[in-house]
Amino acid sequence: MSKRKYAPTHEWVEGKDGILVVGLSQFAVDQLTDVIYIDLPKVGVSVSAGQAVAEIESVKAVSDIYAPVEGEITEVNSVLATDASIVSRDPFGEGWLFKVKPSSDDPTSHLLTEVDYQAQIAGQAH
Amino acid sequence: MAFKTPLFELHQALSGRMVDFAGWQMPIQYQSIVEEHLAVRTRVGAFDISHMGRIRLYGPEAQAHLARLVTCPVASMTAGQVKYGLVLNEQGGTQDDVLVYHLGDHWALVVNASNRIKIWSLLLSSLPETGVRLVDETLETAMVAIQGPQAIALCSAIANLDFSTMANYSAQTMTYLGSEILVSRTGYTGEDGMEWSVPFHLANALAKDLKAHEIPWCGLGCRDTLRLEAGMPLYGHELDEGIDPIQAGLGFAIRKPAEGFFGVEGLAHRMMNQTRRVRRGLLLVGKRIARQGDKVYQGGLEIGVVTSGTFGPSVGASLAMAMIDPSYVQSMEPMEIDVRGKREKATVTPLPFYKRIKG
């Protein structure tokens with residue numbers, strides 16, 4: 001399992017056996033609260049880094065979710081279709097969003113480390 | 001530079017998420033909007049609504065002055081009564097929706113924060129030469145709404161007065177911590193409850209009393225989900241300068257005969273047009289939330305526009321209010337709402353979405 005890295009848009013990425021798991025950061029779900037619905041991408045589609053591929057709806061607002069890396073969607077967390085609130089309860093575990101087969105050997109080099117990401121959100125907290 | 005209510009520091013200490021609301025720094029939520037919503041529906045919750053405009057009118061011409069501007073039957077109100085009314089523009093559109101308070105020897109008006117300066121200017125520009133004195137006490141007072149099935153009992157305990165026999169939509173003054181305050185059995189949640197207006201310096205003492213009675217603070221986020229479920233309009237959404245109160249379903253707030261108030265000719269003229277869109281509730285089949293401005297379709301034709309939408313925690317569904325072409329409101333055919341490029345099925349449903357069972 002590779003070290004968790006982050007996109008500036010609050011998605012996290014973790015690698016396992018050449019596949020990257022993507023989810024939302026604790027900060028993101030704390031900001032959203034009251035998650036009602038998540039629209040996930042279709043399995044098999046190709047995505048580029050920074051592309052809006054999913055949307056998450058909270059009582060307050062709807063937000064886009066971006067693919068943190070380039071590649072192909074291989075699996076989505078279909079449990080979220082029946083209970084989207086899992087994302088809020090366990091964003092790094094059961095609440096993962098989708099998996100990507102990256103199209104390059106070093107797909108996460110542009111992403112933020114845990115330390116860098118924590119520094120970014122320190123300036124955004126309400 | 002935004003206005004701050006006397007409870008601003010308290011909201012911050014409670015991790016309230018502060019947003020700019022009509023020029024005021026207000027808490028949108030403390031924790032979860034859904035939990036705050038359910039607290040009000042099942043028990044009790046308190047809202048800082050100090051951003052609402054509070055204007056008093058004194059003098060022998062106060063009643064006549066109000067009656068010229070507001071649509072509700074001001075002349076027939078008795079002391080202690082509160083009534084919902086509209087302020088129209090010359091074309092019959094809506095400048096604001098307000099509460100009028102008959103306080104015996106004087107009157108009060110509670111207006112939307114976003115319209116306070118507009119209504120104040122209107123009251124001033126049409127002021128008779130003598131007989132009315134206006135006081136805008138918004139910045140010198142705080143206003144707190146205590147709402148929910150336990151609100152009346154808890155307010156009675158705080159005031160050491162029995163409010164259980166107080167009529168709905170009535171107001172009275174009382175002494176609280178040595179000062180005179182104005183309390184009314186009113187609200188904007190669909191629940192029983194009260195609204196208290198207290199001098200600025202007593203706001204935090206009231207907050208202490210609320211805490212002692214375990215009344216949690218609730219933000220403007222759930223105030224919106226609560227009023228939406230209760231089918232209540234929000235200015236800037238279901239009401240604006242281009243929407244008249246009849247099409248918004250607020251004819252009950254227009255006095256009969258409709259005469260003598262500002263904008264009545266414009267309203268009569270508008271009412272000759274029977275194709276004006278009317279306000280209706282829409283229940284969405286899916287969970288996605290329609291938002292203000294989303295278009296409503298039926299059979300490929302655009303027939304309306306969403307004015308407010310949310311997830312209703314007590315209804316358990318995505319719901320919206322919309323202005324719909326009148327020829328389609330009786331239709332049994334499902335409608336579709338374009339929610340960010342994807343059509344969502346919806347059915348017209350009578351308002352309100354939620355009605356409390358009166359105990």
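Below, chains carry the letters A, B, ... as their sequence lines are ordered, and counting in each starts from 1. Reckoned from all heavy atoms, side chains included, excluding hydrogens, waters and symmetry mates.
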Quiz item: Nearest heavy-atom pair of A:E57 and B:R288: which atoms, and what distance?
Solution: OE1-CA, 3.6 Å
Self-check item: Contacting region of A:S88 [heavy-atom separation from chain B under 4.5 Å]
Solution: neither
Quiz item: Which heavy atom in A:L32 sits nearest to a heavy atom in B:R17, and how many Å separate them?
Solution: N-NH1, 4.5 Å
Quiz item: Looking at A:D34 and B:S32, what are the two nearest heavy atoms and their distance?
Solution: OD1-OG, 2.5 Å
Practice problem: Answer yes or no: are there more than 12 heavy-atom neighbours, outside A:D105 itself, under 6.0 Å from its atom CG? | Solution: no
Practice problem: Work out which heavy atom in A:T33 is nearest to a heavy atom in B:Q29; give both atom names and the distance. | Solution: OG1-NE2, 2.7 Å
Quiz item: So, for A:V59 and B:V34, which heavy atoms are closest and what is the spacing to 0.1 Å?
Solution: CG2-CG2, 3.8 Å
Quiz item: For B:Q31, is it the side chain, the backbone, both or neither that has a heavy atom under 4.5 Å from a heavy atom of chain A?
Solution: backbone
Self-check item: Region of B:T225 that comes under 4.5 Å of a non-hydrogen atom in chain A
Solution: side chain
Practice problem: Using a cut-off of 6.0 Å, state whether more than 12 heavy atoms not belonging to A:E94 lie near its atom CD. | Solution: no
Quiz item: Do you know which of B:T310, B:I33, B:I28 has the most heavy-atom pairs with chain A at a distance under 4.5 angstrom?
Solution: B:I33
